[in-house]
Amino acid sequence: MTALIRTNLPVLVVIAPLFVAFILPPLARRIRLVEALAFLATVFGFGAAGYLAAVVFAQKGSPFIYQLGGWPAPWGIELVAGNLGVFFLLAVTGVSVPVLLFGRGNLTAEVGGAGRVTRFYVLYLLLVGALAGMAVTNDLFNVYVLVEVVTLSCCGLVSARRHPRAAEAAFTYLVLATLGSALVLGGIGLLYLLTGHLNMGFAARELGRAWPDYPHAVLMAVSFTIIGFGVKAALFPLHVWLPDAHATAPSPASAILSGLAVKGYLICLLKFLYGVFGGVLLRELAVHRILTLLGVTGIIAGSILALAQEELKRRLAYSTVAQVGYLVLGFGSLNVTGLVGALFYLASHAVIKAALFLSAGAIQQATGKRKIRELAGVGRKMPVTMAAFTIGSCGLIGLPLFSGFIGKWYLLLGSWEAGMFLPVAAVLAGSVLCAAYLLPVIRAAYFAPAPEEDWQDPGRPQRLALLMLATVVLALGVRPGPFLELARKAAAELLAYY
Amino acid sequence: MSGLLEKLLINYPYLVAALLFTIGTFTVLTHPNLFKKLLGINIMESAIFLLFVASGNIRGGVAPIRAVADGEAVYINPLPSALMLTGIVVSVSVTAFALALIVRLYKAYGTTDMRRIVARRKEVTGDDGFDQN
């Protein structure tokens, strides 16, 4: 039995959450059981990710390849738990556990009765399963299917509240996300036309031979994938759906949407750019310059838009737009250092944004206030929540000893190495702007006079979830060791043929 | 020039796909009516399905069933068509979900016009922002 589980882990980590998601609805009346099962599913995912990481580490970085149905590569579908896959798997499953814990016994207030809470968990597990799939998949069409599962479950989570604005935000999101998936599917179709393969490795090899003959078709495929995933990952100017969607969703949903769902698309984009098109082609077509430019504008514009927001959750949502800019900037650096920075920042931003959104949600729930200037004195009334928020903020700004610093540092070095100075300036300016939009919140919370109100920290599971996330932000900042090493190996692998 | 035109005419399914995609995208982005937006999405997705299915087709080819075809026959590629079955299923689910959202929006705002929804937002929801529930 254990051997059976161990040899099938790469597929189990994807289908276990999906399976649990489908058995939850009939249990809707027994909400404790639903919560326990959902929690077990995410914990299993994290354990499996840890085990796979240990296997890959023991094999000195060579991947754990799983063939679905036993069909070998060009014909069958492959799941590859390599360095990159395991890295993202750890981030997904690691963040999904505390976020789920935060929802425990707390969701009814946000989404309504027990049936709606169960529906929330179903969508949540579908989302986690599909994101895990994005981490391990090595098949172009599989990517499309997973992208659609993520999109639909995200839209469901956004519309989880009964408020009409939630339905509105979900509809806008759905329309634009479907536009994005149609573009991605078009890109996959062109790649299949050009190479005759759906397996990423085989498609890449074939594309290396075929692309000088069909430069226009390849250029079209590249632009389809970048714009398609760009819409879904809220890459600036394509971010218009994100603030409404992430600000209206229930807090655990905002945390997972901002922290992980956006990152799933970026990991897919990374796999397409480096795993299929390859560094040589990107440089020949000057795609890396476009990516860098998109990243720079994203950082600056996203941060300035965040500064203009008065509501805490909307400010955090716009900040996600800026952080996506950082990651795309790293993708465009075309060197190992820049990619290490992008990967590490991707994971640490997932943790940080989850902590920030969850504490913002807890504050909103306790105080009923959304505007930042109304949050005076929150820090003294809700010490645990605000401590998590402060640690998250320091991480996002990129202060040393917090995880965001390491990511930003490598991004800075990578841009410098690539000889591009605009991104160096943008990374630094982004940090300053980030301080400008987060520090006023902290100042208001701790140093402004508190009103005579009875605001309290949330319950025990919520506090535990916040503490877990805050600890990870600090731990990754002080001792990034093995995690950074994994990112380095993954980056080196992506650039191996370059 | 005539060479290019000839190429385009021979590959007319791709031309139609590009045209449909443009029409669909234009409708999605510019039409204020939610139903029309949804129709635009469907047209856009059909364009991609056409691109895939056309890529597997060979003129004069037969379905790849060995018992039916004789030894000389050219088989068409069945894989793109099979993939598009999945694509159609996804498209149906997206449509169903979008329709459900439209119903919710209609119940709240009494209209399916995006411009009127924006105009009535304050009146229906009480403020510009978001409520607790």
Side-chain angles (χ1 to χ4, degrees), chain A residues 75 108-112 140-141 144-145 147-149 151-152 155-156 158-159 161-179 181-190 192-194 196 198 220 224 244 247-250 310-311 313-314 364-365 368-371, chain B residues 14 17-18 21 24-25 28-29 34 37-38 40-56 77 79-80 82-84 86-87 89-91 93-98 100-109 114 117-118 120-121 124-133:
Chain A
W75 301 284
T108 328
E110 289 206 72
V111 299
L140 295 175
F141 196 71
Y144 167 70
V145 174
V147 159
E148 285 293 2
V149 177
T151 304
L152 279 175
C155 286
V158 170
S159 68
R161 287 186 175 189
R162 285 178 199 228
H163 201 268
R165 285 296 305 258
E168 211 183 305
F171 190 81
T172 315
Y173 181 18
L174 186 66
V175 166
L176 288 175
T178 313
L179 181 67
S181 14
L183 285 170
V184 169
L185 188 59
I188 293 170
L190 285 172
Y192 180 66
L193 263 172
L194 288 167
L198 286 171
M220 245 168 92
F224 272 24
D244 272 352
T248 28
E310 288 188 351
E311 285 176 32
K313 273 179 101 173
R314 285 182 83 79
Q364 211 176 80
Q365 219 172 24
K369 308 244 187 269
R370 296 190 305 265
K371 301 250 165 77
Chain B
Y14 300 115
F21 194 83
T25 317
V28 169
L29 295 180
L34 301 180
K37 274 187 196 291
L38 189 55
I41 287 180
N42 276 293
I43 296 174
M44 201 170 70
E45 283 177 332
S46 309
I48 303 290
F49 300 159
L50 179 62
L51 171 79
F52 262 87
V53 173
S55 78
N77 185 356
L79 184 67
L83 295 181
M84 281 315 103
T86 315
V89 171
V90 169
S91 153
S93 355
V94 169
T95 309
F97 185 46
L101 286 175
I102 293 176
V103 170
R104 250 175 82 177
L105 285 171
Y106 183 74
K107 275 186 186 156
Y109 294 101
M114 204 65 201
I117 288 179
V118 173
R120 298 197 56 192
R121 192 179 282 160
V124 172
T125 61
D127 68 345
D128 294 328
F130 311 104
D131 265 14
Q132 261 302 97
N133 40 50

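Below, all heavy atoms of this structure are taken into account, side chains as well, without hydrogens, waters or symmetry copies. None of these values were measured; they are calculated from a predicted model. Chain A is the first sequence line, chain B the second, and so forth, proteins listed ahead of strands; every chain is numbered from 1.
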Closest contact, heavy atoms only, Leu51(B) versus Gly186(A): CD2-O, 4.1 Å
Heavy-atom pairs under 4.5 Å with chain A - which of Val28(B), Thr86(B), Leu29(B) has more of them than the others? Thr86(B)
If you tally heavy-atom pairs under 4.5 Å between each of Ala108(B), Ser91(B), Pro80(B), Ala100(B) and chain A, the highest tally belongs to Pro80(B)
Tell me, please, which residues at least two apart from Tyr173(A) pass ring-ring contact (aromatic ring centres under 6.0 Å, His included). Trp241(A)
Who wins among Val175(A), Thr151(A), Leu176(A) for the most heavy-atom pairs under 4.5 Å with chain B? Val175(A)
Please report the C-alpha distance between Leu83(B) and Leu198(A) in whole Å, then the side-chain angles of each, then the deciding distance to 0.1 Å, and finally whether the side-chain contact (heavy atoms from CB on, under 4.5 Å) criterion is met. CA-CA 11 Å; Leu83(B) 295 181; Leu198(A) 286 171; 3.6 Å; yes
Which heavy atom in Pro164(A) sits nearest to a heavy atom in Leu105(B), and how many Å separate them? O-CD2, 3.9 Å
Counting heavy-atom pairs under 4.5 Å with chain A, the top scorer among Met44(B), Glu45(B), Met114(B), Lys37(B) is Met44(B)
Taking ring-ring contact (aromatic ring centres under 6.0 Å, His included) as the definition, give me every residue that meets it alongside Phe141(A), ordered by chain and number, with sequence neighbours left out. Tyr144(A)
Heavy-atom closest pair, residues Leu152(A) and Ser93(B): CD1-CB, 4.1 Å
Heavy-atom distance under 4.5 Å to chain B: side chain of Val145(A), backbone, both or neither? side chain
Just so I know, are the side chains of Ser159(A) and Arg104(B) near enough to count as touching, which here means a heavy-atom distance under 4.5 Å? yes
So what's closer than 4.5 Å to chain B heavy atoms on Ile188(A): side chain, backbone, both or neither? both
Given that the side chain runs from C-beta out, which part of Leu193(A) has a heavy atom under 4.5 Å from chain B: side chain, backbone, both or neither? side chain
